[in-house]
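Have a look at the structure below, then the notes.
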Amino acid sequence: MIQGSDRDTPTSITSEYDVFLSFRGPDARHGIVDHLYQRMTEAGLRVFKDDEEIRRGELIAGELKRAIDGSRVYAVVFSSNHASAWL
């Protein structure tokens, strides 16, 4: 977890998010990702999750790049169906 002193560093001041959650598919979204998002936000972390942060009608690619660039860490979630999305 992020310690209080870590939040005071210059790097954290420029970060909009503490964590960028990267995932694909409803099995991940409605399972582990929802759980991770809830627990992280309850712990006081600023977490980017696309269905919580991107408004309908926004350009997804630009918004995702901005969120990735503005995050301190990236959490990649692989699900059992993740690889099938690329086949």
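What's counted below: heavy atoms across the whole structure, side chains too, no hydrogens, waters or symmetry copies. Numbering of residues begins at 1 and proceeds along the displayed sequence. The structure displayed is predicted, hence computed values, not measured ones.
- Here the shortest heavy-atom pairing between Tyr17 and Val47 reads CD2-C, 3.8 Å.
- With rounding to the nearest 0.5 angstrom, the CG atom of Asp18 is 10.0 Å from the CE atom of Met40.
- The minimum heavy-atom distance linking Ser15 with Ser71 is given by the pair OG-C, 4.4 Å.
- Between Phe20 and Phe48, the two ring planes are parallel [angle under 30°; tilted spans 30° to 60°].
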field: Derivation of the side chain to side chain contact (heavy atoms under 4.5 Å, CB included) call for Asp69 and Glu16
entry: CA-CA 9 Å; Asp69 291 344; Glu16 183 174 354; over 6 Å; no
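- Proximity of Leu45 to Arg39: side-chain heavy atoms (C-beta onward) are nowhere separated by under 4.5 Å.
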